[in-house]
There are 2 protein chains.
Amino acid sequence: MTEAPRPLRRTEIRRENEKLILSAAEKVFAEAGFGGATMQLIADVAGLPKANLHYYFATKEDLYRRVVRDIFEIWLKAAETFDNAPGPVEGIGAYIDAKMEISRRHPDGSKVWASEVMHGAPVIQDYLETTLRDWTEGRIAVIQRWIDEGKMAPVDPRHLLYMLWATTQHYADFGHQIETLNAGKPLSDRQWKAAKDSVKTIILTGIGAL
Amino acid sequence: MTEAPRPLRRTEIRRENEKLILSAAEKVFAEAGFGGATMQLIADVAGLPKANLHYYFATKEDLYRRVVRDIFEIWLKAAETFDNAPGPVEGIGAYIDAKMEISRRHPDGSKVWASEVMHGAPVIQDYLETTLRDWTEGRIAVIQRWIDEGKMAPVDPRHLLYMLWATTQHYADFGHQIETLNAGKPLSDRQWKAAKDSVKTIILTGIGAL
DNA sequence: TTCTTTCCTGACCATATGGTCAGACACGGA
DNA sequence: TCCGTGTCTGACCATATGGTCAGGAAAGAA
């Protein structure tokens, strides 16, 4: 039923095609990097002529920028799990769950983000300096409060955050390596659960919250 | 004295230039990715004419392949710290130190490796399936032995390894982000030490080895 | 000195790529 | 039905890039 070429309304057309292009772009950028990706390939994946991409997105960089920003939005939403938690077990535990789920559901976006930062964040440097910095400082304050309240050991909040980011993101960015070491097969539901539990157990135990 | 154009012996010339080119290539590949890197830019960084690069390395891919393999060698050497350790505190502690030091000293190599794996390891897939897989299985056995001997908690050795890789590598791959969150300045000696200590403390505590 | 081998490089080429544009087409309001 | 506006696209262009090559320079053996 979705394949039937039912006529789309004007407003739908734009939304639908942008979505199509952004989805294809995320995939191609993740697989080839910004430099290695070509508009032609993105067009092919999206099933549209190349000129059509340029109708919706003026340049390759515009398209890339949009992809990166969309991913950042997803991450910020996951970050909310940190708030309103009574203590580290709930807050950090939920955050790990949320970020692991993102690694599982949006591995391509994760890779695009990693690639962007690795190359010096040419496109989203302003985001790092504003939104991300603010968010980080806020979370550091929360963790520090938990420490002061005796709910966890006095670890350096900053490095704890880095460890959370690194570990959860690893399952997306290095998914191929993990898969190779898993006999070439993607992690099963059971294995994903084991991964989440392992991460949560080690970290929450490591910070003396359990 | 090093600048004096003293005549080089035949054998030296080759070695010297290959080193120069590989060093420039590592930097450029790290900054731009395989697709974004250009032979011209690598040549400029190396201070050699582009045609000269092709004299030593037939193709861009050959050059890239060599860079990736060289990095892998460094990593394997660091991995040795794991062996001959009486228990997790010494073995894993030393491994964390070694890998953090690599992240600090060879951030470019680290990024090239990450980039390669993220893009599906088109060049070093065979290494993943042979050398890396063997190494991993061996280390898992070691960890399992420590668990059986009661030297640490019964965590999943595989996910523990992933956590070690992820966390230590993060300081190289996401160095730019960390620097941005550190008021735009690289980590100082003191901060690197704090990072190492934090990682070691949280993980070793997390696996019940301390 | 002579000759062989290695090293070096400016000029060149085929191709791929990002981007443009004129004009066709279709939706939807009047 | 007509027209304005948004959508679509094949053909095209300027440029950048990986790679080639012929010929010259330098090293080292004889």
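Naming: A, B, ... by sequence-line order, numbering from 1 per chain. What you see is a predicted model; the values in this text were computed from it and never measured.
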Check residues 46-54 of chain A and write down every donor-acceptor pair under 3.5 Å in which the side-chain atom is one partner and the other belongs to a residue at least two apart or another chain.
none

Touch class at under 4.0 angstrom, heavy-atom based, for A:Y56 against every strand present: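 The residue A:Y56 makes sugar-phosphate contact but no base contact.
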May I have the distance from [X] (atom [atom1]) to [N] (atom [atom2]), rounded to whole angstrom?
{"X": "A:F57", "N": "C:dT20", "atom1": "CZ", "atom2": "P", "result": "15 Å"}
{"X": "B:L53", "N": "D:dG18", "atom1": "CG", "atom2": "P", "result": "10 Å"}
{"X": "A:I21", "N": "D:dT7", "atom1": "CD1", "atom2": "P", "result": "11 Å"}
{"X": "B:D44", "N": "C:dT9", "atom1": "CG", "atom2": "P", "result": "13 Å"}
{"X": "A:R15", "N": "D:dG6", "atom1": "CZ", "atom2": "C1'", "result": "16 Å"}
{"X": "B:L48", "N": "C:dC8", "atom1": "CG", "atom2": "P", "result": "8 Å"}
{"X": "A:Y64", "N": "C:dG18", "atom1": "OH", "atom2": "C1'", "result": "17 Å"}

Evaluate whether atom [atom1] of [X] has more than 12 neighbouring non-hydrogen atoms of other residues, nucleotides or ligands under 6.0 angstrom away.
{"X": "A:K60", "atom1": "NZ", "result": "yes"}
{"X": "B:K27", "atom1": "NZ", "result": "no"}
{"X": "A:D126", "atom1": "CG", "result": "yes"}

Side-chain N or O of B:N52 closer than 4.0 Å to phosphate OP1/OP2 of C:dG10: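 False: B:N52 side-chain N/O out of range (4.0 Å or more) of C:dG10 OP1/OP2.
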A:Y55 vs D:dT7: side-chain N/O to OP1/OP2 distance below 4.0 Å: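 Checking A:Y55 against D:dT7: at least one side-chain N or O falls below 4.0 Å of OP1 or OP2.
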Any residue meeting salt bridge (charged side-chain N to carboxylate O under 4.0 Å, His left out) with B:K19, in chain and number order, not counting sequence neighbours: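 With neighbours one apart ignored, the set is empty.
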B:Q177 CD to A:W113 CH2 distance, which is reported to the nearest 0.5 Å: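 Here the rounded value is 6.0 Å.
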First encountered from the 5' end of DNA chain C, between A:F34 and B:R14: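 Nearer the 5' end of the strand: B:R14.
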Just the table, please: protein N/O against nucleotides 11-17 of chain D N/O, every pair under 3.5 Å.
none

salt_bridge(B:R14, B:E18) N-O dist < 4.0 Å: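 Salt bridge present between B:R14 and B:E18.
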Of the listed nucleotides C:dT20, D:dC8, D:dG19, the one nearest the side chain of B:H54: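 It is D:dG19.
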